[in-house]
Amino acid sequence: MANDVVVLGLGYVGLPLAREATRAGLSVLGYDIDRTVVEALNSGQSHIDDVTDSDVEAMVKAGFRATADEADIASAAAAVICVPTPLSADGGPDLRAVEGAVGAVARQLQPGMLVVLESTTYPGTTDEVVRPILEKSGLAAGVDFHLAFSPERIDPGNKEFGAHNTPKVVGGHTPECTEAAAAFYGRFVETVVRTKGTREAETAKLLENTYRHINIALVNEMAKFCHQLGIDLWDVIRAASTKPFGFQPFYPGPGVGGHCIPIDPNYLSHNVRAKLGYPFRFVELAQEINATMPAYVARRAQNILNDAGMAINGAKVLLLGVTYKRDISDQRESPATSLAQRLLRLGANLTYHDPHVPSWTIGDVDVPRAEAVEAAVADADLVILVQNHSCYDAEALAASAKQFFDTRGATAGANVHRL
Ligand SMILES: NC(=O)c1ccc[n+]([C@@H]2O[C@H](COP(=O)([O-])OP(=O)(O)OC[C@H]3O[C@@H](n4cnc5c(N)ncnc54)[C@H](O)[C@@H]3O)[C@@H](O)[C@H]2O)c1
């Protein structure tokens, strides 16, 4: 085989994986249906926060090549699928990208190849959706080719844990498939964790994200009643976190964002409902609570202005940080969007500041971007810290604001409104 691996889907997950494999000396091919991504990568340009242009240049120099030509897939010993798994219009799984990518692999499948699905999905996908498509080639999984699921655990913006030092869970269609996948990842990942099969690996990923989703919902619900009871929840969490066992801190916020926490648990609850006919109540409750947070923040903003003798209608409201996560530019599912929609509906005169977002459109409104954060903070009637990017000195900004609403627990000052 001319290439050790082809990575299908060169986004937030696929590109860092391709970089790690290239760094480890594997010959790596990247396949994507988006020709602009392919061309940019081949000319040394990255479109992903965690991968720099110089990383891509180094990859290309080391032999990495991106392609949109499906026939190239046949040149690789392993195919790793990292395509998006969003929700469909009815809130269920949308596996069209997975089916498309697996179809491309099936048409190019060679005996002995290893095929791994990394996209987050519901338990049974590898066996019930991926395997039948691949077997249309006439080759059988576990006999003629290896098939496995290995969940992606990438944490965008995390400087400590990347692809090489985050343990990699692998579950194969057969024990031999598990070993083939473990041997492949063992070439560039420090620790490989084997599961009994593909379903256990698929469910492990969903357990991880559901656990976060539920615990964030727990503190979000507490934030609301603690505010009414005059209890500082941030201080409560700080105190509880000193317990050296049995407690992990989670923090409230203006809502959950990204395309993992708000989406992945739905794959699991949808699957439980579809297959077993009953709800996964924890997930559905967490979803309900987390989804109320942007409206809650908007209402608190309205009350803060009211207490200061102002109507939100016509008030100058500045949002600081509009991405779903600190220090990255990804805005997918960011709760800032839903918050902004509500504030605009209430008639707020909205501006935003975010070093990672050059322009921001909500519906058909282009929200004006503040260039100098200090001046914009001093000018606004209300500043809402939505995302605490590390470039913000929240205490100093709060001190110069007329009203400062901190949704991230970044300040301790007495004259600050906190979630
Ligand atoms: N981004 C994260 O933080 C993260 C973390 C863990 C798991 N995941 C999961 O990883 C998967 C991929 O997510 P992502 O964030 O990398 O998505 P992304 O949108 O950043 O990138 C996906 C890429 O796949 C390409 N693509 C779409 N259909 C294709 C096809 N049929 N063939 C080849 N390429 C195709 C797109 O053009 C795009 O470049 C999802 O299942 C996601 O839930 C993401």
Side-chain angles (χ1 to χ4, degrees), residues 6-20 29-42 45-51 56 66-73 76 79-88 93-108 115-123 125-126 129-130 133 149-158 161-163 166-169 201-202 204-213 256-268 323-334:
V6 54
V7 178
L8 291 94
L10 299 169
Y12 278 87
V13 167
L15 194 57
L17 179 83
R19 177 186 57 187
E20 219 49 55
L29 182 69
Y31 170 80
D32 203 294
I33 52 171
D34 186 336
R35 285 179 186 275
T36 53
V37 165
V38 168
E39 280 160 25
L41 290 173
N42 284 334
Q45 281 160 22
S46 172
H47 59 297
I48 298 297
D49 281 313
D50 287 348
V51 179
V56 176
T67 180
D69 182 355
E70 186 185 300
D72 291 341
I73 295 170
V80 179
I81 299 166
C82 307
V83 296
T85 44
L87 295 180
S88 60
D94 176 353
L95 289 183
R96 282 176 300 176
V98 169
E99 288 161 356
V102 175
V105 175
R107 289 186 289 275
Q108 309 302 329
V115 183
V116 185
L117 179 64
E118 288 213 5
S119 302
T120 307
T121 185
Y122 60 81
T125 306
T126 310
V129 178
V130 175
I133 299 174
F149 183 82
S150 179
E152 179 44 62
R153 286 172 149 174
I154 204 150
D155 182 18
N158 192 325
F161 290 105
T166 303
K168 196 88 178 92
V169 170
E202 289 162 337
K205 169 71 186 181
L206 294 177
L207 173 61
E208 291 165 15
N209 282 359
T210 303
Y211 168 80
R212 281 183 58 73
H213 190 48
V256 288
H259 50 121
C260 288
I261 301 301
I263 291 176
D264 301 348
N266 290 331
Y267 267 66
L268 193 50
T323 61
Y324 88 87
K325 197 166 185 188
R326 186 178 159 98
D327 294 342
I328 65 168
S329 65
D330 194 345
Q331 294 173 48
R332 288 180 290 185
E333 313 289 327
S334 173

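Residue numbers count from 1 along this sequence. Start at 1 and go down the list; that is how both ligands and their atoms are numbered. Computed from a predicted model, the values in this text were never measured in an experiment. Quick note: numbers below take in every heavy atom, side chains included, and nothing from hydrogens, waters or symmetry partners.
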*Asks:* Using heavy atoms and a cut-off under 4.0 Å, could you grab the residues that are in contact with ligand 1, chain by chain, numbers ascending?
*Replies:*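 Residues near ligand 1: G9, L10, G11, Y12, V13, Y31, D32, I33, D34, C82, V83, P84, T85, A97, G100, A101, S119, T120, E152, I154, P156, K205, H259, C260, R332.
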*Asks:* Nearest heavy-atom pair of D50 and G157: which atoms, and what distance?
*Replies:*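 Heavy atoms only, the tightest pair is OD2-N, 2.9 Å.
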*Asks:* Please walk me through it: do T323 and D330 pass side chain to side chain contact (heavy atoms under 4.5 Å, CB included)?
*Replies:* CA-CA 6 Å; T323 61; D330 194 345; 5.9 Å; no
*Asks:* To check you understand the geometry: which heavy-atom pair defines the closest contact between V129 and L95, and what is its length?
*Replies:*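 Nearest pair, atom of V129 first, then L95: CG2-CD1, 4.2 Å.
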*Asks:* Which atoms form the tightest heavy-atom contact between Y12 and S329, and what is the distance?
*Replies:*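 Closest pair (atom of Y12, atom of S329, distance): OH-OG, 4.3 Å.
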*Asks:* Provide the closest heavy-atom pair for E333 versus P262 in the form atom of the first, atom of the second, distance.
*Replies:*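 Between these two residues, the closest heavy atoms are CB-CG, 4.2 Å.
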*Asks:* In Å, rounded to the nearest 0.5 Å, how long is the span from CD1 of I261 to CD of E208?
*Replies:*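 If I round to the nearest 0.5 Å, the distance is 9.5 Å.
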